[in-house]
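Below you'll find the structure, written out as structure tokens, and then a few comments.
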Amino acid sequence: MEKLVLIDGNSIANRAFYALPPLTLASGQHTHAVYGFTTMLLKVLEEERPTHLLVAFDAGKVTFRHARFEAYKGKRHKTPNELSEQFPLIKDVLDAFGIRYHEQEGFEADDIIGTVSAWAEARGLATRIVTGDKDLLQLVSPYVTVALTRKGISETERYDEAAIRQKYGLTPAQLVDLKGLMGDASDNIPGVPGVGEKTALKLLAQFGSVEEVVRRVDEISGPKLREAIAAHREQALVSKELAVIRRDVPLPFELEDLRYDGFALEPVREVFRRLEFKSLLDRLPHVPGARAPGETSTGAEEGDAAPTPLDVAVAGTAEDAALERLLAAPAAVVVELDGDNYHEAALLGIGVYSDAGALFVPAARVEEWEALRAFLADPTREKWVYDGKRGEVALRWRGLSLEGIAFDVLIASYLLNPTESRHALSDLAPRAGLSLAPDEEVYGKGAKRRALAAGELAAHVCRKAQAIYRLKPLLEREVEEAEMNGLFYDLELPLSRILAAMEHAGFRVDTARLKEMGEEFERRLEELTAEIYRLAGTPFNINSPKQLGEILFDKLGLPPLKKTKTGYSTSADVLEKLQDAHEIVPKILYYRTLGKLKSTYVDGLLKEVNPRTGKIHTIFNQALTATGRLSSAEPNLQNIPIRLEEGRRIRQAFVPSEPGWKLLAADYSQIELRVLAHLSQDEALVDAFHRDMDIHTRTAMDVFGVPEDAVTPLMRRQAKAVNFGIIYGISDYGLSQNLGIPRKEAAAFIERYFDVFRGVKRYMEDVVEEARRKGYVTTLLGRRRFLPDIHSPNYNLRSFAERTARNTPIQGTAADIIKLAMVNLARRLKEEGLRSRLILQVHDELVFEVPEDELAVMRELVPAVMERAVRLSVPLKVDVHVGDTWYDAK
DNA sequence: AGTCTCACG
DNA sequence: ACGTACGTGAGACTC
């Protein structure tokens, strides 16, 4: 099928420029916008397979829109030189690919795209527009869809008419009416003052278009709005006109001139070499449409680089001895399982790929083939894996071991960019020039999940192993270049083995105790329900925010203090403010508390108890958080209640797995503030920790200028909130919300804090500056987080990036420290021959189960190792508690 | 699938 | 004039 792709050159280049960390040649020439543009282009060629292709650029500064409205784009910042100097290079790349591009005096890229897409529509040619600019959404039609880049440039969101209707409740054509009414600050289009998105959408729902709004202005409800519209009719109409994309630009070519039938490899290679796009060079031969030297053009349809067939040997019989040569090291190993949760998941088979070839061992053969088991268990035979913990745990359940894991592609990819959400092997494979179908596609998901035919399974699993094998050297190099060898090989990789052991060990649960609690909660919930219905005068679903909102705010007439997108907010902070307004409110709050405990922590946890082991086996995600923390799922054991006594009792159900053993919990005291003291070298903060003072009291003393015995509980509470705020990258608004005080007072607190803690202030400024300069921030052990939005012209995005720049080094360093402690502790436990087991990590806390006779040793060893994990300018402090249940280890 | 709410550090 | 605390996972409801 034929397909036209129209690329908005300026928009994509701009996105790439601001989204990617700077990249320069020896000459100082910046290339990251070119790089970003080129990766987008390759993606388009791979995924869209266009038969017609055009890249449109903006021409000079003045367009017909300026003639109509002088101030058009008046507030826009000048394009930085670092970007404008990259446009000629982008055109070099396009020339090498033989792709047509066009710019036209007096018009913007939008108008060129509008015109060509109109031609395509007339001919019934499917069209995809690729841009970062929402304005182009107005062109969407049954033939035209828009792929909008979001968050960086690699991800796109596709819009057809239904998607636009769903998101805005408007037709594509009405989007210009929306802009006419609300204006657009980035283009300096005024709209109608006082009309924002909400009002504009309301008006359009009623009237349909700007013209109708203006014509029937008398029908507008609300005198203020009516006056505003009446006073700015002309401005609204002009604003709309400016927003409309032209579809009749006289262009010097026609649709058929845009036909695209692939490219010759060599010229593209040459340009890539000149621009030092090494990683893209490898990918090139597999891009659809690529022609080797001498090959003639065959038309875009046949330019596909079909996946190279893989020769897979399948083990199965006593003859397998002949296949032993395929158990060579180093090898990529894939333990293929049925399902996402790998605890006791069915094994489908094991794939092995090395220089010796590809081998697939079906599940039935795994346990009986001695040579394979020995190979897997041999720590001296190097294995490369993707999410090694997954396979390792699955094999542990079968009494098999997987040792010698020397590289993990998932963890490497995560460390290289922890905010990237797509670390699936199928996402990474193209980097090594391979195309790999996602598991979801191969197996189907949900109800459509299916078993594969034997040959299909072997091929897919070995293809994955091949991708791992090819990706390893690429990622290995990138990890090295990012100076993360220590972090990767000495921290995350060993940690992965420890997490595997923790997950497999599990946490024993006293299900009888949990059920008792559930029954108690149930009784009290029934009582509460009856009282709530009585007070409301009618039964309703208390769990439905919608129904609850109607009862509270419509029926009972309480003041709605906050709204959400869809209606009234009934969140706890709103209800707390209404506690005294009606006796139903505290009952609802209590109902919520108990309901949460019952559904999530009693029923939810009971569902997760493994009937065979009587334990809960969580899965730690080691490649997810943006800061380097772990997360825990199925179930989440990192959010078991503790703050309120009623919930805290859930912890009475968490017990040791062997009779006579105890639980030992060790937590870092104020680790994030200690890390802040170290990173900032703030005198007062460092001093406070050297004296081992109560940090919130000390903060109150300094901020309020009073002696210790004059610090009231309120002052301490406020100082504590400020301390948290500092860690989170503080804003006066955030602090005011947290403390329930006016924003001005919050601002005054912050100012006083920074007056005293000068070093902290300085550090916060420096770290944001560093983020701007390098494009990323780092933790103590060199973990990185990229912050492309730090340069965004959008205030919200930029502010968020700045807060993140302040928070991530703190939260991330704390994560580094406890991970290091875990690795060191595991080694010590082994060296000392202790039977104690680490079973849980909760960000600043480690939980062990300990035999009685090891208690004394563990009470000493655990805090000692944790406190010495790193050496900071302030001491680290660890509190240790022992008990018969997790509740009692306090 | 998306939204709201709420549990944890 | 704007809208925001940082990082997570899960259950219930709604469409």
Side-chain angles (χ1 to χ4, degrees), chain A residues 166-167 183 185 193-194 196-197 418-419 446 541-549 562-575 588-589 591-605 607-608 618-621 624-644 646-648 650-651 667-668 670-672 676 721-739 743 746 750 785 794-812 814-815 818 840-845:
Chain A
Q166 196 182 357
K167 183 149 181 185
E197 183 169 342
T419 45
N541 186 344
I542 308 169
N543 283 321
S544 160
K546 190 163 164 246
Q547 293 182 37
L548 179 60
K562 212 163 79 176
K563 286 184 295 182
T564 66
K565 263 182 246 182
T566 50
Y568 305 120
S569 169
T570 65
S571 64
D573 61 314
V574 170
L575 296 191
I588 287 166
L589 282 167
Y591 177 94
R592 284 250 179 96
T593 306
L594 294 183
K596 178 86 176 174
L597 292 173
K598 176 76 165 56
S599 67
T600 306
Y601 296 106
V602 175
D603 301 344
L605 285 177
K607 272 187 237 155
E608 300 285 350
T618 188
I619 292 178
F620 291 106
N621 197 329
L624 184 139
T625 72
T627 55
R629 279 188 176 182
L630 301 174
S631 86
S632 154
E634 292 190 77
N636 182 354
L637 287 187
Q638 292 181 320
N639 72 347
I640 303 302
I642 189 165
R643 292 173 190 170
L644 301 175
E646 260 147 336
R648 189 173 200 158
I650 295 283
R651 295 180 175 226
D667 67 292
Y668 281 109
Q670 302 296 352
I671 188 167
E672 293 194 338
L676 173 62
V722 173
N723 277 330
F724 272 105
I726 293 295
I727 291 169
Y728 296 153
I730 209 147
S731 70
D732 48 10
Y733 178 86
L735 182 63
S736 76
Q737 288 296 300
N738 188 289
L739 282 175
R743 187 180 163 140
I750 295 168
R785 177 173 183 180
N794 177 322
Y795 175 85
N796 282 330
L797 291 180
R798 191 175 62 248
S799 301
F800 183 62
E802 288 169 0
R803 290 198 296 276
T804 310
R806 295 193 278 263
N807 170 264
T808 295
I810 300 171
Q811 192 183 118
I818 193 164
L840 193 62
Q841 187 251 42
V842 192
H843 310 307
D844 65 356
E845 172 185 14

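Below, chains carry the letters A, B, ... as their sequence lines are ordered, and counting in each starts from 1. Hydrogens, waters and symmetry mates play no part in the numbers below; they use all other heavy atoms, side chains included.
Nucleic acid contact class of A:L597 (heavy atoms, under 4.0 Å, all strands): none. Within the nucleic acid shown, A:R643 comes within 4.0 Å of at least one base atom, counting heavy atoms only. Within the nucleic acid shown, A:A572 comes within 4.0 Å of sugar-phosphate atoms alone, with no base atom in reach, counting heavy atoms only.
In this view, A:A746 and A:D732, A:L735, A:S736, A:I741 satisfy the side chain to side chain contact (heavy atoms under 4.5 Å, CB included) rule, not counting sequence neighbours. Every residue two or more places apart in sequence or in another chain that forms a salt bridge (Lys or Arg N to Asp or Glu O under 4.0 Å) with A:K598 is listed here: A:E522, A:D603. Every residue meeting the side chain to side chain donor-acceptor pair (under 3.5 Å) condition with A:T627, not counting sequence neighbours, appears here in chain and number order: A:Q811. For A:E634, the side chain to side chain donor-acceptor pair (under 3.5 Å) partners are A:N341, not counting sequence neighbours. For the ring pair (Phe, Tyr, Trp, His ring centres under 6.0 Å) test, no residue two or more places apart in sequence or in another chain qualifies with A:F620. With sequence neighbours excluded, no residue forms a side chain to side chain donor-acceptor pair (under 3.5 Å) with A:S544. Taking A:E608 as the reference, nothing meets the salt bridge (Lys or Arg N to Asp or Glu O under 4.0 Å) condition, with sequence neighbours excluded. Residues satisfying the side chain to side chain donor-acceptor pair (under 3.5 Å) test with A:K562, not counting sequence neighbours, are A:D573.
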Exercise. Reading DNA chain C 5' to 3', how would its secondary structure be written in dot-bracket notation, given Watson-Crick and G-U pairs with both distances under 3.5 Å, brackets [ ] for crossing pairs and | for partners on other strands?
Worked result: .....|||||||||.
All N/O donor-acceptor pairs, side-chain side in residues 798-809 of chain A, below 3.5 Å, sequence neighbours left out:
from	atom 1	to	atom 2	distance (Å)
A:R798	NH1	A:S792	O	2.9
A:S799	OG	A:Y795	O	2.8
A:T804	OG1	A:F800	O	2.6
A:R806	NH2	A:G729	O	3.1
A:N807	ND2	A:I727	O	2.9
A:T808	OG1	A:R785	NH1	2.9
A:T808	OG1	A:T804	O	3.0

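Distances shown here put a side-chain N or O of A:S544 below 4.0 Å from the OP1 or OP2 atom of C:dT14. For the OP1/OP2 pair of C:dC13 and a distance below 4.0 Å, the side-chain nitrogens and oxygens of A:N541 include at least one atom meeting the criterion.
On the C1' atoms, C:dA1 is 32 Å away from B:dC6, given to the nearest whole Å. Between C:dG3 and B:dC8, the distance separating the two P atoms is 31 Å to the nearest Å. Taking the P atom of each, B:dA7 and C:dC2 are spaced 32 Å apart, rounded to whole Å.
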For this session: Carefully, step by step, assess A:T570 and A:I588 under the rule side-chain contact (heavy atoms from CB on, under 4.5 Å).
Result: CA-CA 10 Å; A:T570 65; A:I588 287 166; over 6 Å; no
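Proximity of a side-chain donor or acceptor of A:Q638 to a complementary backbone N or O of A:Q841 within less than 3.5 Å is detected.
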Exercise. Nucleotide by nucleotide, 5' to 3', does protein get under 4.0 Å of the base (B), only the sugar-phosphate (S), or neither (-) in nucleotides 2-9 of chain C, counting heavy atoms?
Worked result: BBBBBBSB
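Extent of DNA chain B lying under 4.0 Å from chain A heavy atoms, first and last nucleotide in 5' to 3' order, is B:dT3 to B:dG9.
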